[in-house]
Amino acid sequence: MAAPLAAPPSLHVAATLREALDALAERGPEGAPFAGGTWIMRAPLRHEAPRPAYVALGRIAELREIAVGETELTIGAAVTHAALAEALAGLPEFAGLRLAAGTSANPAVRAAATLGGNLATAAFPAADLVPALLALSAEVEIADRQGAERLPIAEFLARRASLAPGRLLTRVRVPRRHIRSAHARLPLRKAGDYPVAVVALAIEPDGAGRIGAARIAVGSVEPVARRWDGLEAALRGSPLDPAAAAERARAHADEFSGRDGIEAPGWYRVSVLPALVRRAVAALGPR
Ligand SMILES: Cc1cc2nc3c(=O)[nH]c(=O)nc-3n(C[C@H](O)[C@H](O)[C@H](O)COP(=O)(O)OP(=O)(O)OC[C@H]3O[C@@H](n4cnc5c(N)ncnc54)[C@H](O)[C@@H]3O)c2cc1C
């Protein structure tokens with residue numbers, strides 16, 4: 001006799017944030033948020049069992065809002081990559097984030113995948129929005145029934161795999177500064193829609209056409225995206241010169257230890273970083 005089929009997961013469609021937090025709290029470790037579903041729906045390909053219960057976030061209006069304030073950009077967790085790219089069209093300082101959202105995956109995925117899902121998926125190293133938001137010094141808001149807390153994105157990345165059940169990423173807050181930003185990613189035919197390496201860059205000009213401060217983040221090379229401290233320090237005070245920046249990147253590439261994957265070996269991911277830095281600096285344009 002064939003083994004009985006497992007019951008399909010239940011789906012609760014929440015209409016408000018409060019309802020979602022209550023539903024997640026009631027379901028405890030059995031439950032999880034369901035955002036765009038682009039990661040969850042591929043669980044069988046990864047040989048993973050789905051959670052018994054999901055709470056869908058897509059109908060919660062406040063999680064789909066994008067607010068452009070004087071000092072801060074606030075993005076709801078259920079904003080899709082496509083909606084984010086569209087909303088950032090008139091904000092040149094966020095050119096890098098716009099490119100990250102507007103060139104990730106493919107149009108069908110961008111129409112469904114959300115900011116919250118991109119940041120919350122600890123097992124997904126090739127997320128485009130993560131390095132883009134690291135370079136912008138974004139902060140993440142997480143909430144549960146008891147209240148909300150705000151933490152730097154790097155701290156969220158370090159803690160996300162062990163977030164207590166019932167906790168939801170609700171918003172991302174990005175400070176508005178006098179910066180220029182860029183996003184360079186390397187897709188390979190073999191890697192499908194995933195980039196094998198990503199460099200996200202945000203620079204504050206010093207007024208004389210030099211780099212006053214640089215924030216550089218690398219994605220998809222290691223299991224979790226992170227800032228490139230050595231290169232940030234090396235670029236401070238230097239001119240906006242793509243070839244010189246690539247040269248400095250080469251000198252600091254040994255800060256990374258690339259992850260091996262079916263789409264590319266680790267050494268290859270590290271070896272393409274200088275070229276991505278060159279592209280990112282060139283994309284900033286002349287001063
Ligand atoms: C073929 C393919 C290629 C892709 N390529 C890229 C790419 O190159 N770059 C890129 O950036 N993205 C890419 N994506 C999209 C990527 O899957 C999503 O960006 C993201 O990882 C999942 O977002 P989602 O909204 O679909 O989340 P879901 O699949 O709904 O959820 C993913 C996980 O996050 C949790 N979660 C979701 N929202 C929240 C929240 N608000 N708070 C806490 N936990 C939450 C869920 O419980 C689940 O564990 C690709 C997707 C596919 C299918």
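When reading the values below, keep in mind they use all heavy atoms of this one structure, side chains included, and skip hydrogens, waters and symmetry mates. Read the numbers this way: they start at 1 and go in the same order the structure lists the ligands and their atoms. Only a predicted model underlies this, so the values are computations on that prediction, with no experimental measurement involved.
- Judged by distance alone, the side chains of R160 and T121 never bring a donor and an acceptor atom under 3.5 Å apart.
- Taking all atoms of both residues into account, the shortest heavy-atom contact from R269 to V196 is NH1-O, 3.1 Å.
- Protein residues having a heavy atom under 4.0 Å from any atom of ligand 1 are A32, P33, F34, A35, G36, G37, T38, W39, I40, R42, L57, A77, H81, S104, A105, V109, A113, T114, G116, G117, N118, A120, T121, F124, A126, A127, D128, L168, L169, R185, D193, Y194, P195, listed by chain and number.
- The minimum heavy-atom distance linking L188 with E263 is given by the pair CD1-O, 4.1 Å.
- A cation-pi arrangement is present between R226 and F256 under the rule of less than 6.0 angstrom and at most 45 degrees off the ring axis.
- Evaluation of the salt bridge (Lys or Arg N to Asp or Glu O under 4.0 Å) test over residues 122-131, restricted to residues two or more places apart or in two chains, returns D128-R185.
- For the pairing with R150, the salt bridge (Lys or Arg N to Asp or Glu O under 4.0 Å) check across E155, E141, E139 returns one residue only, E139.
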